Amino acid sequence: MRQRAAALGASAGAHISTFHSLCVRILRRYADSAGVRPAFTIYDQADQTRCIKRAVKDCDLDPANFPPARMLDALSALKNKLVDADAFAARTDDFFSRMLSRVYLRYQQILAGLNALDFDDLLLKTAFLLEGCPDVRRELSDRFRFLLIDEYQDTNHAQYRIARALASEHANICATGDPDQSIYRWRGADIRNILAFETDWPDATIVKLEENFRSTPNILAVADSLIAFNKNRKPKKLIATRPADDDVLVDAFDDEMAEAEAVARRVRTLIDEGSSCRDTAVFYRVNAMSRLLEEAFVRNRIPYQIVRGVEFYNRSEIRDLLAYLKVLVNPDDEISLARIINTPARGIGKITIDRVRSFAVRNGITLYAALKKAEAVESLSGKVKDRLTGFVKMLEDFKDYITGPVAPLAERIFQESGLAQSLAAGAGKDDSALENVNELINAAAQYDLNTEEPSALDYLQQISLFSDADAYDPAGDRVALMTLHAAKGLEFENVFIVGAEEGLLPHEKSNGREDEDELEEERRLLFVGITRAKTRLQISHAKYRTVRGQTLRTIPSQFLFELGSGFSESPEEDDYPDQADEPPRPIPAFVAGQIVRHKTFGLGRVKKFVDMGQNSIVVVTFNTGQTKSLMVKYAGLSKVQNT
């Protein structure tokens with residue numbers, strides 16, 4: 001985007017970044033007003049989990065009853081709504097909320113002690129800073145005289161408030177976005193932000209960008225037909241500028257293995273016909289679905305890349321090297337310090353660390369400050385003190401290089417810390433660890449080349465805000481395998497979407513509420529996947545799929561029957577016989593409100609019946625609270641006499 005803006009003649013003073021990156025910049029610039037210290041560390045999911053576990057333990061709560069993942073999700077939801085720990089504590093009215101409030105307060109205390117912020121803190125603290133400090137708001141509003149927000153449909157409440165604050169002085173705000181592509185509700189995105197834009201800014205001019213320069217008419221017709229079933233949207237019609245090409249294929253297969261193999265063979269054919277691997281992508285709803293696809297691609301000798309970039313930074317060897325950088329930038333980061341103090345092994349065990357930590361607590365100093373005073377810790381032997389002193393001296397020597405190119409510093413840390421020798425010693429067991437570190441240093445060198453004033457602090461900030469989509473490498477000639485969420489913003493000549501089945505797409509979690517918000521988001525997710533395709537699109541489902549070791553009969557996704565009449569099924573792969581190949585079956589006439597029974601889901605009440613002949617769909621809300629869209633001819637529903 002920066003390159004495109006520069007090519008269009010944008011001023012060198014134009015600031016282009018994500019919301020989170022902008023917030024980091026603001027918080028470091030106005031740290032005192034925001035109540036933070038400038039060199040704060042941004043904690044990722046793993047670091048947050050360690051902190052929340054500690055908070056739960058400090059509150060004397062059982063982690064089995066208060067799982068860390070659930071607590072983090074709850075705190076994230078509160079922060080995205082700009083509810084801080086004190087405000088939440090003042091309004092708790094049930095047992096869980098009171099316990100969550102205690103954990104929230106303790107969690108924030110732990111982060112503050114470590115001089116760390118989590119991702120949600122970046123937004124929350126920036127919003128509070130802008131709304132609570134008029135001078136800062138006016139200064140930033142004057143700095144950013146014109147505000148353009150891309151993908152506005154994906155903003156959460158905190159981002160919405162930040163945008164309003166920045167534009168409050170001049171009202172020069174432009175938002176681009178598509179309600180039909182709002183797919184991040186699960187992490188706080190609020191579709192109401194874009195739907196209410198004209199209400200928030202009554203002088204706004206609305207420009208519909210309906211011309212689509214990417215996809216063929218065949219693909220756009222399918223996308224339009226699907227998304228029209230959503231209610232929370234702004235009506236529009238995609239207008240193709242390209243000529244019609246291949247039909248959209250909807251294929252059925254015996255099982256997930258047959259599906260993966262068929263996709264791989266189709267990709268192999270495209271490659272043999274001259275298509276580049278980089279022109280093709282396979283999308284799925286959940287990461288676990290990639291395994292069979294990978295195996296099929298290996299069998300068919302197809303180069304591929306899994307676009308799951310965050311996982312690279314979760315590799316143990318990568319986290320080790322980055323932890324050294326984090327401690328150099330922020331010595332108060334005790335989580336990173338505890339990770340590296342004996343990595344690689346240098347004879348500094350848990351008992352030693354506990355004794356140093358006790359010394360730190362008694363003297364009211366940080367763990368790193370206590371390590372620098374190791375000679376004063378009477379409970380340590382002379383040999384152990386020497387090890388601690390050597391460790392600290394090594395870090396202090398590294399500190400001289402934290403402002404400057406990052407790659408040479410990373411290389412030096414890797415060699416002088418002993419990490420290189422440690423990985424080399426185990427290279428026979430796992431060569432990939434050494435390759436991963438080399439890749440990290442290569443990436444740091446690339447950062448150095450592209451950054452005017454490189455520094456370890458800025459580099460760590462960029463990594464902390466890294467997303468899965470950032471990992472996609474269009475330069476490599478490999479087929480991309482990724483989730484539908486990761487596909488947003490990308491485009492490919494050929495797109496395959498697998499697993500279009502009830503419980504997968506839409507995901508089973510979308511059936512838990514009757515207001516259908518989750519179901520609409522699942523439909524938008526498929527819409528996003530469809531509109532990534534430029535020329536060829538194939539959507540497939542399996543008749544049987546193995547779940548937790550059991551082979552289960554599946555139900556085709558209701559979305560398949562919302563694609564309109566413009567799709568064709570490949571007869572040689574179609575596992576569901578059409579009417580010409582089977583005796584006619586009577587189709588039950590279900591009506592809304594009718595009580596029915598399902599052999600698996602039990603009793604339920606019909607919510608809606610969609611008459612599509614032999615492919616009719618019945619939507620049932622069961623007594624379990626689940627709402628299921630079932631294909632009538634396979635559902636096996638029996639009517640129950642209403643009482």
Side-chain angles (χ1 to χ4, degrees), residues 2 12-13 15-18 20-44 47 111-112 114-117 119 121-122 125-126 143 313 318-341 343 366-369 371-372 389-420 437-466 470:
R2 289 193 184 97
H15 179 83
I16 301 174
S17 75
T18 64
H20 286 86
S21 293
L22 176 63
C23 289
V24 171
R25 177 173 174 170
I26 290 172
L27 291 175
R28 295 204 195 281
R29 169 67 176 81
Y30 300 98
D32 290 341
S33 299
V36 299
R37 286 172 280 170
F40 59 79
T41 297
I42 304 169
Y43 272 2
D44 60 18
D47 293 331
L111 288 179
L114 299 172
N115 190 23
L117 301 179
F119 295 117
D121 284 330
L122 299 176
K125 290 184 179 296
T126 301
R143 164 65 180 86
Y313 291 99
I318 299 301
R319 294 186 69 85
D320 290 341
L321 184 50
L322 292 178
Y324 276 89
L325 288 172
K326 290 179 180 180
V327 171
L328 297 181
V329 168
N330 175 20
D332 292 342
D333 183 356
E334 292 192 13
I335 288 181
S336 296
L337 181 57
R339 184 180 186 93
I340 67 172
I341 195 169
T343 302
T366 65
L367 178 60
Y368 188 75
L371 289 173
K372 295 173 74 172
T389 300
F391 172 69
V392 170
K393 183 179 184 305
M394 176 183 67
L395 293 182
E396 292 295 312
D397 289 343
F398 291 154
K399 273 188 180 181
D400 293 337
Y401 302 92
I402 62 173
T403 55
V406 177
L409 174 59
E411 178 67 41
R412 184 174 178 183
I413 291 172
F414 185 53
Q415 297 296 335
E416 297 182 18
S417 67
L419 287 173
V437 172
N438 289 336
E439 182 60 30
L440 179 69
I441 294 174
N442 289 341
Q446 193 65 39
Y447 159 83
D448 292 337
L449 286 174
N450 296 333
T451 307
E452 189 173 336
E453 296 181 2
S455 70
L457 177 62
D458 182 65
Y459 177 65
L460 290 171
Q461 173 181 310
Q462 288 201 19
I463 287 179
S464 68
L465 302 176
F466 190 84
D470 294 325

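The model shown is predicted, which means the values in this text are computed figures rather than measured ones.
Of all non-hydrogen atoms in Ala456 and Val329, the two that sit nearest each other are CB-CG2, 3.8 Å. Among all heavy-atom pairs drawn from Ser336 and Ala323, the shortest one is CB-O, 3.8 Å.
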| query | Checking side chain to side chain contact (heavy atoms under 4.5 Å, CB included) for the pair Leu395/Val327: CA distance, chi angles, key distance, verdict? | reply | CA-CA 8 Å; Leu395 293 182; Val327 171; 4.1 Å; yes
| task | Begin from the C-alpha positions of Asn442 and Gln446 and carry the test side chain to side chain contact (heavy atoms under 4.5 Å, CB included) through to its verdict. | result | CA-CA 6 Å; Asn442 289 341; Gln446 193 65 39; over 6 Å; no
| message | The test is salt bridge (Lys or Arg N to Asp or Glu O under 4.0 Å); show your working for Arg339 and Asp47 and say whether it passes. | response | CA-CA 11 Å; Arg339 184 180 186 93; Asp47 293 331; over 6 Å; no
| task | Under the salt bridge (Lys or Arg N to Asp or Glu O under 4.0 Å) rule, what do Glu396 and Lys399 come out as? Steps first, then yes or no, please. | result | CA-CA 5 Å; Glu396 292 295 312; Lys399 273 188 180 181; 3.3 Å; yes
| task | In sequence, state the C-alpha distance, the side-chain angles, and the governing distance for Asp121 and Phe40, and then conclude on side chain to side chain contact (heavy atoms under 4.5 Å, CB included). | result | CA-CA 11 Å; Asp121 284 330; Phe40 59 79; over 6 Å; no
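In this structure, CD1 in Ile413 is found 12.0 Å from CG in Asp320, a value given to the nearest 0.5 Å. A distance of 9.0 Å separates NE2 of His20 from CD1 of Ile42, quoted to the nearest 0.5 Å. To the nearest 0.5 angstrom, Arg412 atom CZ is 14.0 Å from Ile441 atom CD1. Taken to the nearest 0.5 Å, the OG1 atom of Thr126 stands 7.5 Å off from the CG atom of Leu22. Considering CG of Leu122 and CD1 of Ile26, their distance stands at 11.0 Å, rounded to 0.5 Å.
Side-chain atoms of Thr451 never come within 3.5 Å of backbone atoms of Glu453 as a donor-acceptor pair (strictly under, hydrogens ignored). Not one N or O on the side chain of Ser21 forms a donor-acceptor pair closer than 3.5 Å with the backbone of Ser17.
The side-chain heavy atoms of Thr41 and Leu460, taken from C-beta on, include no pair separated by under 4.5 Å. The closest side-chain heavy-atom distance from Pro408 to Asp448 is below 4.5 Å. The shortest distance between side-chain heavy atoms of Thr343 and Leu419 falls below 4.5 Å. Annotation: side chain of Tyr324 is in contact with side chain of Met394 (closest heavy-atom distance under 4.5 Å). The shortest side-chain heavy-atom distance between Arg319 and Asp44 falls under the 4.5 Å cut-off. Inter-residue side-chain proximity for Leu322 and Leu440 is flagged as met; some heavy-atom pair is nearer than 4.5 Å. Counting only heavy atoms from C-beta outward, the side chains of Ile335 and Leu114 approach each other to under 4.5 Å. Here the side chains of Tyr43 and Leu117 are not in contact, with every heavy-atom distance at 4.5 Å or above.
Neither side chain, Asp333 nor Tyr368, offers a donor N or O lying under 3.5 Å from an acceptor on the other. A donor and an acceptor atom, one from each side chain of Arg25 and His15, are located under 3.5 Å apart.
Classification of the Tyr447-Tyr459 ring pair by plane angle, with boundaries at 30° and 60°, yields tilted.
A salt bridge does not link Asp458 to Arg28: none of the charged nitrogens lies less than 4.0 Å from a carboxylate oxygen. Ion pair Asp32/Arg37 not flagged as a salt bridge, since none of the NZ, NE, NH1 or NH2 atoms sits closer than 4.0 Å to an Asp/Glu carboxylate oxygen.
Partner Asn330 forms a side chain to side chain contact (heavy atoms under 4.5 Å, CB included) with one of Leu325, Leu457, Asn115 and no other, that one being Asn115.
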